[in-house]
There are 2 protein chains.
Amino acid sequence: MRRTKAEAEETRSSILHAAERVFFEKGVSNASLDDVAKAAGVTRGAIYWHFSNKTDLFLELYNTVSLPLEDMVVRDTEQPASEVLGVIEASAGNWLDDLAADEHRQRIFTILLRCPYDEDLMPVLDKQREVDDRHTVMLDNAFDRARNEGFLSGNWTPQSATKALRWMMEGLCSEWLLFGRRFDLAAEGKEGLKRLFDSFRPAPVAIASA
Amino acid sequence: MRRTKAEAEETRSSILHAAERVFFEKGVSNASLDDVAKAAGVTRGAIYWHFSNKTDLFLELYNTVSLPLEDMVVRDTEQPASEVLGVIEASAGNWLDDLAADEHRQRIFTILLRCPYDEDLMPVLDKQREVDDRHTVMLDNAFDRARNEGFLSGNWTPQSATKALRWMMEGLCSEWLLFGRRFDLAAEGKEGLKRLFDSFRPAPVAIASA
DNA sequence: AAATTAACATACGACTGTGTTTGTATAATT
DNA sequence: AATTATACAAACACAGTCGTATGTTAATTT
């Protein structure tokens, strides 16, 4: 019962969506291809037609969101230095808003956090590292610009600010994703960001007063 | 070939050690009991003698470190308020030192971070949450004491300081454990802690000068 | 000394998941 | 209109893995 090309593309994407849900619920290694097939309303034959095996299915699923993942990098480095910190903070806040609103992204991140990286999933890890490294470099540069223009507190170096920000974001999201979303990610996250960035900014110089 | 009780206890603990290594390397759900048995130099019979099944083995393994886990709570709340922040910072720093030095603890944490929590592993998750909640309460109280005595910067509230600290620690350890230990956990972690705690402390009041 | 039991190893049956092969109906091609 | 390639479903063969059942040996008990 051959379907038209559009229909085939439809079942392929329904398989991907089903895989996302099943992998999220049962974990990648605990989920069987039959679980995915049933969740997609097809048989394993359809999966093996569109994908070569489970690892390939996982990688394709990862690719469906890998490009949006990279959007978290800060690219507005053309701003005046006085606003660099504000731009970074807003960018991180927006990223939290996006994650909080996008269940798809939530599930993918959760899957990625929990998945046991064996040998054949290494490309995923490598890509994650590459994105993280690029992100780190861009943050370093941005904080460095802020510091050179006197907009970074002496308590922080560009590198330490980058790390503090990244660790806070990672811890925040890990706790939220892996631990059952028991708090308001965007609200509490942005409040934390605000206080952290306040400490990034130099103390206001005392106006000569009485 | 019946062994003496001491020998039996020895094989039991060797099974636990093997399980720790194998679960760490292959992930809990990807590791078979035969993998564990071979790594321990026994057969599956020995495992089924000492443990009822794989979940039970995992839970017993978790119990071997669950008590030390709770040591990370700050219990030195009897210090003078002026030193509360220093005590918390030192406690967190010590915790990092311990983790960096104890491969056993590293593996257990990594396993816990990566393991897909299905239904029968819920007790582990619940216990983790309980420890975390207690830790949070103690930190809240400690920061509150510091604030009441004027030792907490106005930029932070006790709750926000607690969260910032916990997220930073969690992000730091997650990245180090899940991402290949590509940096010096204790050194970089303590530097980050120092800067964060510097921002927790109120700005020094300007001495009346010329 | 005989019987029992603890501490395993070995063997067995059942099931699950995987990859492949085969069947098949339909769209696309010629 | 006949052929072919596509998009699957259904069936098959096979390796793991699990739990259990049974065997075996040595320590303990009686």
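Quick caveat, the model's predicted, so the values are computed rather than measured.
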Practice task
Using a 4.0 Å heavy-atom cut-off across all strands, classify A:Thr4 as base, sugar-phosphate, or nothing.
Solution key: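 Here A:Thr4 touches the backbone only, sparing every base.
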Exercise for the section: Check every strand shown and say whether A:Thr43 touches a base, only sugar-phosphate, or nothing at a heavy-atom separation below 4.0 Å. Expected result: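 If one applies the 4.0 Å heavy-atom cut-off, A:Thr43 turns out to touch a base.
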Handout entry: Test item: side-chain donor near acceptor, B:Ser91 and B:Asn94, under 3.5 Å
Key =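 No, because no side-chain N or O of B:Ser91 sits under 3.5 Å from a partner of the opposite role on B:Asn94.
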Problem - Polar side chain donor-acceptor pair, A:Trp156 to B:Ser199, under 3.5 angstrom - result: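 Result is no, nothing qualifies.
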Whole-Å gap separating [atom2] ([N]) and [atom1] ([X]):
X       : N      : atom1 : atom2 : answer
A:Phe51 : C:dT20 : CZ    : C1'   : 18 Å
B:Lys54 : D:dG19 : NZ    : P     : 9 Å
B:Arg3  : C:dA7  : CZ    : P     : 11 Å
A:Asn30 : D:dG16 : CG    : P     : 19 Å
B:Glu10 : C:dA6  : CD    : C1'   : 16 Å
A:Trp49 : D:dA10 : CH2   : P     : 17 Å
A:Tyr48 : C:dT21 : OH    : P     : 13 Å
B:Leu33 : C:dA9  : CG    : C1'   : 15 Å

Handout entry: A:Lys26 or A:Glu7, whichever maps to the more 5' nucleotide of DNA chain C
Key =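 Taking each residue's closest nucleotide, the earlier one in sequence belongs to A:Lys26.
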Exercise for the section: Let me know, please, whether B:Gly45 or A:Ile47 comes out on the 5' side of the other along DNA chain D by nearest nucleotide. Expected result: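 Comparing both residues, the 5'-ward one is A:Ile47.
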Exercise for the section: Examine the base of C:dG17 for any acceptor or donor lying under 3.5 Å from a partner atom in the side chain of A:Arg44, and report the outcome as yes or no. Expected result: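 Between C:dG17 and A:Arg44, which were checked side chain against base, a qualifying N/O pair under 3.5 Å is absent.
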Practice task
Determine: side-chain N/O of B:Thr11 to OP1/OP2 of C:dC8, distance under 4.0 Å, yes or no.
Solution key: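 B:Thr11 to C:dC8 OP1/OP2: side-chain N or O found under 4.0 Å.
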Problem - Distance below 4.0 Å between A:His50 side-chain N/O and D:dA7 OP1 or OP2 - result: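 No.
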Practice task
Take the angle between the ring planes of B:Phe23 and B:Phe58 and call it parallel below 30°, perpendicular above 60°, tilted in between.
Solution key: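 Rings of B:Phe23 and B:Phe58: tilted, 30 to 60°.
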Practice task
With sequence neighbours left out, write down each residue that passes side chain to side chain donor-acceptor pair (under 3.5 Å) with A:Arg12, or none if nothing qualifies.
Solution key: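 With sequence neighbours excluded, A:Arg12 shows a side chain to side chain donor-acceptor pair (under 3.5 Å) to A:Glu60, given in chain and number order.
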Exercise for the section: Among the candidates C:dA7, C:dT18, C:dG19, find the nucleotide nearest to the side-chain atoms of B:Lys5. Expected result: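 Ranking C:dA7, C:dT18, C:dG19 by closest atom to the B:Lys5 side chain puts C:dA7 first.
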Problem - A:Glu170 side chain vs B:Glu175 backbone, donor-acceptor pair below 3.5 Å - result: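 Confirmed, A:Glu170 side chain pairs with B:Glu175 backbone.
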